[in-house]
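These notes are about the structure you will find just below.
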Amino acid sequence: MIGGLSLKGPLCLAPMAGVTTLAVREFFATHGASLTHTEMISCAGLVRDNAKTFDMLRVSEREEAVIVQLFGNDDALIVRGGEVVLRESERFSAFGVNMACPMPKITRNGSGSALMRKPELAARMVKGLKGLGLPVWVKIRKFENDTETLRFIELLAEAGADNVCVHGRTPAQRYEGVADRRIIAEAAGRFPGLVGASGDVRTVGDIDEYLSYGCAVVMLARGGVADPFLFEEYGGLFRSQEERLTELLNFSRRAEELSGEHRALVLLKRFAGSVLRCVHGSAELRRQAMTAKSTQELRDILRGSSGLMRRD
Ligand SMILES: Cc1cc2nc3c(=O)[nH]c(=O)nc-3n(C[C@H](O)[C@H](O)[C@H](O)COP(=O)(O)O)c2cc1C
């Protein structure tokens, strides 16, 4: 049991807006992730019956545990959003609350990491969502000051949060600089079984290190885009370059089926580098991949790269 859920293991796919769409989550769920996260979903959009927002609630039958990550600036709104989710789908294992996003278009309205400055409101959100019956996972960033970080986690735990994932960068750092592991280690020691880790998870060693601190879960984000097979490697499955290529081509067809050509092309471009960096002339191939106009063109570039794979 982790964070109120029965999970196969501690490795999770982190929420990533524009990335953790249905096809990407399905890929990771079948390649080593014990749990996936939707992109952050606007409670205002859910309450307003916005069709695009509703589309983000689709779940694949191949996903076992999925968290629907919500964002909003008010406790009543987040609870109404949660109610809409429960009315529309029985597939979610837990609610996630985004208290981490530092981007101005989210914080300007008092959502995302702006909630770190409103601890009482943050706690009311957790309490309200808990009342709907699913576990609640909260994602935060570290504060400048360790005491404040620990106090905020404690408050969320007291409000009933089942998991608090800490991204070891402050909101002001956005995605720059090195994530602070020390505060995550301290929080994991202080709150056993509660704390998840996020930030600079790029290698098997990074996963091991976070788990050695006692973190309940480790979240893969940009490291998963750079190496979509990292979780499998952690489990001891090492795929050849040819296999990786085949898996990626399968992913691109599935993404097209689930989200249409345009969306599939955008996603495939994000993941193409993971295969192309291992071939001779990778810089030029990557340039071609980034300017491809269709998934077919990009698949042809990827297939063409298979004869160029480095054997060294
Ligand atoms: C493109 C992108 C989109 C993201 N969207 C979200 C989001 O919707 N919700 C959230 O809680 N975190 C989001 N994050 C933050 C990640 O979940 C993660 O905490 C962060 O990238 C740190 O991990 P990393 O250094 O291993 O990438 C996003 C990150 C990226 C790169």
Side-chain angles (χ1 to χ4, degrees), residues 3 11-22 24-25 28 33 35-43 45-46 52-53 56-57 66-73 78 81 94-107 109 111-116 122 125-126 136-142 149 152 156 161 163-181 183-184 187 195-211 215 217-228 230-231 234 263 266-267 269-271 273-274:
L11 306 182
C12 306
L13 178 66
M16 280 181 282
V19 179
T20 54
T21 56
L22 182 57
V24 170
R25 297 198 319 264
F28 279 95
L35 174 128
T36 53
H37 275 89
T38 65
E39 305 170 77
M40 60 176 162
I41 297 181
S42 159
C43 285
L46 289 173
K52 267 196 184 160
T53 314
M56 294 164 94
L57 295 176
V66 196
I67 292 190
V68 56
Q69 196 197 52
L70 302 174
F71 74 92
N73 58 3
I78 211 137
F95 289 118
V97 188
N98 185 328
M99 299 189 190
C101 181
M103 305 316 278
K105 77 170 185 196
I106 300 293
T107 55
N109 297 322
S111 302
S113 62
L115 290 163
M116 291 168 57
M125 284 182 163
V126 172
V136 174
W137 288 39
V138 186
K139 191 148 169 295
I140 67 169
R141 286 183 170 238
K142 74 165 211 155
T149 308
F152 195 60
L156 295 171
N163 182 276
V164 179
C165 175
V166 184
H167 175 184
R169 292 184 176 88
T170 62
Q173 278 180 286
R174 298 203 180 173
Y175 293 93
E176 305 293 321
V178 178
D180 177 4
R181 295 175 186 218
I183 180 62
I184 294 180
V195 173
S198 175
D200 294 342
V201 181
R202 294 178 189 281
T203 64
V204 165
D206 296 330
I207 298 171
D208 269 333
E209 190 174 333
Y210 278 128
L211 291 177
C215 293
V217 287
V218 178
M219 307 248 184
L220 191 61
R222 287 172 294 179
V225 176
D227 180 4
L230 181 59
F231 281 168
Y234 190 81
R263 194 82 214 115
V266 172
L267 292 172
K269 282 184 181 178
R270 280 190 181 262
F271 287 97
S274 68

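Remember, it's 1-based here, ligands and their atoms both numbered in the order they're listed.
Residues passing the salt bridge (charged side-chain N to carboxylate O under 4.0 Å, His left out) test with Asp206, sequence neighbours excluded: Arg181. Residues forming a salt bridge (charged side-chain N to carboxylate O under 4.0 Å, His left out) with Arg141 (at least two apart in sequence, or on another chain): none. Taking the side-chain contact (heavy atoms from CB on, under 4.5 Å) definition, one finds that Val204 meets it with Asp208, Leu230, Glu233, Tyr234, sequence neighbours left out.
Protein residues with a heavy atom under 4.0 Å from ligand 1 are Ala14, Pro15, Met16, Ala17, Met40, Gln69, Asn98, Lys139, His167, Arg169, Tyr175, Ser198, Gly199, Asp200, Val201, Ala221, Arg222.
The pair Arg169-Asp200 meets the salt-bridge criterion, since a charged nitrogen lies less than 4.0 angstrom from a carboxylate oxygen.
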Working for side chain to side chain contact (heavy atoms under 4.5 Å, CB included), residues His37 and Lys139: CA-CA 11 Å; His37 275 89; Lys139 191 148 169 295; 5.6 Å; no
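The aromatic rings of Phe28 and Phe231 lie perpendicular to each other, with more than 60° between the two planes, well past the 30° mark.
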